[in-house]
Amino acid sequence: MGKASTRAGSVGRSVPRLEGAAKVDGRARYVDDLSFPGMLHGRTIRAPHACGRLRSVRLGPGGLPLGLVVVGPRDIPGDNVIAVIEDDQPALAWGEIRHAEEPVLLLAHADREALFAVPAEVEMIPGAPVFDPLASPRVFKHIRIARGDAGAALRKAPVVVEGEYRTGAQEHVYIEPNGVIAVPENGGITVHGSLQCPHYVHKALCRLLKLPADKVRVVQTETGGGFGGKEDYPSVIAGHAALLALKARRPVKIVYDRAEDMRATTKRHPSIVRLRTGFSRDGALLAIEAEVVMDGGAYVTLSPVVLSRGVLHATGPYRCPAVAIDGRVVMTNTPPNGAFRGFGAPQTQFAIEAHMDRCAEQLGIDPVKLREKNAFRPGDVTATGQKLPKDTSALPVLREAVRRSDFHRKRKAWAGTGKGIGLALFFHGSGFTGAGEVRLASRASLELTAKGARILVGSTEIGQGTRTMLAQIVADTLRWPLSAIEVAPADTGLVPDSGPTVASRTCMIVGAILQRAARELKHKLGRLTPTQYLARHGALVVTKQYEKPAEIHWDEERYKGDAYGTYAWGCDVVELEVDPVTREVRPLKLTAVQEIGKAIHPGHSRGQIEGGSAQGLGWALSEEVVMRDGKMANAQLTNYMMPTTKDTPEFDVAILEQAYRHGPFGAKGVGELPMDGPAPAVVNALRHAGFDVREVPATPERLLKCASR
Amino acid sequence: MRFTLNGKPVELKVAPMRRLLDVLREDCGLTGTKEGCGEGECGACTVLLDGAPVNSCLVPVAQAEGTKVTTIEGLRGHTKLQQAFVTEGGAQCGICTPGFLLAASTLPRAASLEAVKQGLAGNLCRCTGYAGIYRSVAVARGGARAAPKPKPAARAKATPRAKTKPKARSAAARRSR
């Protein structure tokens with residue numbers, strides 16, 4: 001053939017979303033659209049106070065509807081725990097109550113209205129709750145990272161800048177609330193649900209129900225958004241529905257309404273970060289000391305790994321010879337905080353990036369120059385001792401963002417006008433931290449079909465474009481048309497455990513495993529067509545498992561080594577104006593330049609960047625979780641303000657590519673990166689407009705209080 | 001209760017104060033209309049009542065008596081708009097998509113971007129940041145596609161720190177090689 005095939009592949013092209021047609025004509029079936037014969041509805045009775053001891057749960061007064069099913073802790077066949085990292089969170093609390101809204105009793109009935117009309121009174125002996133993370137006596141996880149002697153370097157540094165930065169909780173507001181249906185069948189249970197990680201739910205159910213793996217099946221239904229909010233929580237709601245279904249011996253549906261979803265499910269961890277940085281007079285970073293405190297809520301859930309990603313990004317994308325990071329995530333008496341796009345990294349990078357503009361001011365150096373001077377280059381070494389690879393793109397994204405946004409001109413022209421422009425430089429590790437991918441040992445399969453091949457993975461489509469992207473990778477590796485590739489439903493009875501759909505890992509990690517499977521499939525086929533192969537040799541399924549690239553080393557004990565296989569890089573520029581009277585902030589434009597290795601599907605990659613940026617702007621400006629006595633006081637979309645069309649500015653997105661050698665076609669992760677930049681870029685723009693704000697959300701109330709500079 | 005549903009007459013025996021949303025989903029079996037908040041904030045339950053968009057979670061079915069109700073299943077004459085949501089990134093997770101499509105179907109053909117934003121301000125989307133939705137609306141009206149064109153980060157091979165390199169390998173020296 002000489003030259004490579006001239007037929008255009010699908011990688012790098014914005015092909016139509018595979019399940020798109022069903023999503024635009026109303027055929028796509030989400031969990032609440034499904035019904036099973038004899039199905040009951042479930043309801044969760046919850047604790048009224050933030051902590052204390054449970055005394056009693058009374059149903060009534062008045063007659064209870066006939067056929068009401070009641071499940072308490074004693075009805076749990078297995079261990080009363082939600083298995084995640086530690087076994088501290090019960091599926092149904094008894095004795096000690098650690099947070100308001102903690103589930104204590106479950107009810108089910110065929111008539112939803114009658115079910116929710118049942119009066120239920122939960123009596124508690126209230127205790128003394130802790131809401132301030134700095135006053136918490138209980139540390140869930142403590143991580144220290146040290147490089148060089150930061151204390152000594154700070155004592156010697158000619159310029160030292162200090163600051164404290166805070167970020168608030170954030171609600172995911174997937175437009176489809178959490179929901180599942182549990183169906184007792186085949187002597188076990190099948191759960192259909194809106195979820196990101198079917199195998200997480202599978203593991204939790206086996207433990208809770210004391211059932212062997214083959215008696216538990218978890219099937220993802222079309223999922224109306226996740227953003228991390230359907231990473232760990234579905235194990236709770238699936239457990240509840242399954243307990244009711246097993247007792248009732250009938251299918252049970254639990255779909256939360258918006259208020260229950262907002263009150264009871266996880267949020268982004270609030271954070272307090274204190275920074276001390278030392279510089280030479282010409283702006284070279286000599287030392288960083290960071291203290292990171294995250295509010296874990298009442299149970300451990302995923303907090304240790306959220307903290308881990310947080311501290312691993314706490315220096316921002318800057319080289320520094322002396323670093324001391326001390327991070328802890330602590331218990332408070334609020335509902336557990338959990339995974340949310342970015343997973344700790346947006347919190348710590350908010351702090352360092354807001355701090356860098358203050359440092360630039362004190363040093364009398366332009367904020368772009370200060371970043372250029374200190375940004376990671378290929379070959380630089382991170383706080384954990386990782387030598388950064390060739391695809392380290394901090395400088396390219398910074399320069400392109402400054403150029404595209406006409407940053408310098410606007411910065412000068414807008415001074416004193418009420419308009420502001422600010423930027424943030426950031427990075428995001430792709431895939432699980434450290435040895436996480438080795439522990440996951442993810443598997444992915446390809447099955448030969450008459451038409452071509454079927455992808456079998458536990459990775460889920462939650463809107464980000466997983467199905468289309470994986471099909472593109474497989475099609476191009478096989479050099480087949482995209483139409484030859486199907487994607488099996490994420491059903492634990494059908495697909496191998498490809499690890500959770502989180503951590504910006506699906507494309508880079510699972511995509512790479514599938515690519516290896518596709519190469520082997522192609523090799524096995526030889527010159528035969530799929531039909532010929534199937535006729536001659538019978539069925540063919542190729543399964544591959546994650547293989548760690550040889551050069552990646554991680555020491556979990558000492559927190560040393562290659563924290564991530566590689567990183568994606570971003571620079572955001574935010575332009576905004578502040579109403580001089582109401583101090584409402586109107587974002588005008590967000591320029592996002594992000595280097596993601598290879599955009600398998602440029603349209604969907606842009607969709608991730610725009611959508612993530614909008615979430616970041618919401619977190620920065622308007623989304624405030626108001627807690628009163630440990631309960632969310634604004635658990636409704638009327639006063640939890642996520643951005644509407646009227647609050648969202650123009651986006652100018654530029655995608656840069658610098659191949660990662662182990663990613664499929666060079667791809668890295670893109671899902672979380674866009675969440676890291678908007679909030680610090682906003683406060684830096686506000687600083688330019690004259691407001692010294694070090695906490696988000698930067699609501700009008702907060703700006704009124706903060707001293708205008 | 002009588003009304004026209006997606007062009008066909010229907011007659012139902014239902015309690016007049018039930019939400020139109022529930023009657024459509026449960027009694028008529030049309031699950032394309034979604035519930036996102038139940039309080040008229042998110043617009044996922046948008047349907048057309050005599051051609052005007054309403055939040056069906058706030059409409060008692062009695063109010064639909066004698067009207068023409070259009071749901072996503074009965075949206076006709078907007079194939080281009082629906083296709084554009086698939087090709088231009090208007091739909092990601094898809095849960096808000098039926099509501100957006102019905103709301104967008106009522107926008108005047110010549111609506112400016114500002115008017116499109118105003119017309120869709122009653123619908124929330126958490127995935128797209130709305131940009132993909134505006135592009136979909138524009139392309140459906142004959143606007144040019146604006147697919148992103150990624151660029152190689154050619155300058156990513158950044159200069160090594162001068163401190164760690166001998167002088168002979170300054171940036172200028174390497175450029176000349």
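Just so it is clear, the structure is predicted and the values come from calculations on it, not from any experiment. Naming convention: chains lettered A, B, ... in sequence-line order (proteins, then strands); numbering from 1 in each chain. Note: hydrogens, waters and symmetry copies are ignored here, and every other heavy atom, side chains too, is used.
Residues of residues 82-94 of chain B that come within less than 4.5 angstrom of chain A, heavy atom to heavy atom, are B/Gln82, B/Phe85, B/Val86, B/Thr87, B/Ala91, B/Gln92, B/Cys93, B/Gly94 in numerical order. Applying a 4.5 Å heavy-atom cutoff, the residues of residues 69-80 of chain B that approach chain A are B/Ile72, B/Glu73.
The shortest non-hydrogen separation linking A/Phe651 to B/Ala131 is CD1-CB, 4.0 Å. Summarising the geometry of B/Ile95 relative to A/Tyr30, their closest heavy-atom pair is N-OH, 3.4 Å, with the distance given to 0.1 Å. Contact detail for A/Pro177 and B/Gly36: the closest heavy-atom pair is CG-O, 4.2 Å. The minimum heavy-atom distance between B/Leu124 and A/Pro643, with the atom names listed, is CD2-O, 4.0 Å.
Exactly one of A/Glu657, A/Glu400, A/Glu595 qualifies for a side-chain hydrogen bond (donor to acceptor under 3.5 Å, both in side chains) with B/Lys151. That residue is A/Glu400.
Contacts with chain B were tallied for A/Glu176, A/Met262, A/Glu461; A/Glu176 has the most, counting heavy-atom pairs under 4.5 Å. By number of non-hydrogen pairs under 4.5 angstrom with chain B, the leading residue of A/Ser14, A/Gly224, A/Ala599 is A/Gly224. Heavy-atom pairs under 4.5 Å with chain A peak, among B/Lys117, B/Lys149, B/Glu114, at B/Lys117. Taking A/Ile462, A/Asp261, A/Asp257, A/Asp32 one by one and counting their heavy-atom pairs under 4.5 Å with chain B, the maximum is reached by A/Asp32. Per-residue counts of heavy-atom pairs under 4.5 Å with chain A were compared for B/Glu26, B/Arg135, B/Glu35, B/Arg145; the largest is that of B/Arg135. Of all the listed residues (B/Gly132, B/Ala146, B/Gly129), the one sharing the greatest number of non-hydrogen pairs under 4.5 Å with chain A is B/Gly129. No other option in A/Arg13, A/His172, A/His604, A/Lys598 has as many heavy-atom pairs under 4.5 Å with chain B as A/His172. If you tally non-hydrogen atom pairs under 4.5 Å between each of B/Cys96, B/Cys37, B/Pro98 and chain A, the highest count goes to B/Cys37. Options A/Ala375, A/Ala614, A/Gly20 differ in how many heavy-atom pairs under 4.5 Å they form with chain B, and the most are formed by A/Gly20. Heavy-atom pairs under 4.5 Å with chain B were tallied for A/Ala259, A/Ala21, A/Gly463; the largest tally goes to A/Gly463.
In this structure, SG in B/Cys42 is found 9.0 Å from CE in A/Met642, a value given to the nearest 0.5 Å. Rounding to the nearest 0.5 angstrom, the gap separating the CZ atom in A/Arg606 from the OG1 atom in B/Thr128 is 11.5 Å. Residue B/Tyr130 holds its OH atom at 5.5 Å from OG1 of A/Thr644, rounded to the nearest 0.5 Å.
The number of heavy-atom neighbours closer than 6.0 Å to CE of A/Met641, taken from other residues, nucleotides and ligands shown, is 12 or below. Within 6.0 Å of NZ in A/Lys589 there are more than 12 heavy atoms belonging to other residues, nucleotides or ligands.
Heavy atoms of B/Lys34 lying under 4.5 Å from chain A belong exclusively to its side chain. Both the backbone and the side chain of A/Thr648 come within less than 4.5 Å of a heavy atom in chain B. In this structure, chain A has a heavy atom under 4.5 Å from the side chain of B/Ala44, while its backbone stays farther away. For chain B, the nearby parts of A/Asp25 are the backbone and the side chain; heavy atoms of each come within less than 4.5 Å.
Checked for salt-bridge contact, B/Arg25 and A/Asp33 meet the test: a charged N lies under 4.0 Å from a carboxylate O. Checked for salt-bridge contact, A/Glu113 and B/Arg18 miss the test: no charged N lies under 4.0 Å from a carboxylate O. Using a 4.0 Å cut-off between charged nitrogen and carboxylate oxygen, B/Arg126 and A/Glu623 count as a salt-bridge pair.
Side-chain contact between B/Thr31 and A/Arg29 is present, with at least one heavy-atom pair separated by less than 4.5 Å. Side-chain contact between A/Tyr174 and B/Cys127: absent, with no pair of heavy atoms (C-beta onward) separated by less than 4.5 Å.
Between the side chains of B/Glu39 and A/Thr638, at least one donor N or O lies within less than 3.5 Å of an accepting N or O.
A/Gln658 contributes a side-chain N or O that, together with a main-chain N or O of B/Ala153, makes up a donor-acceptor pair within less than 3.5 Å.
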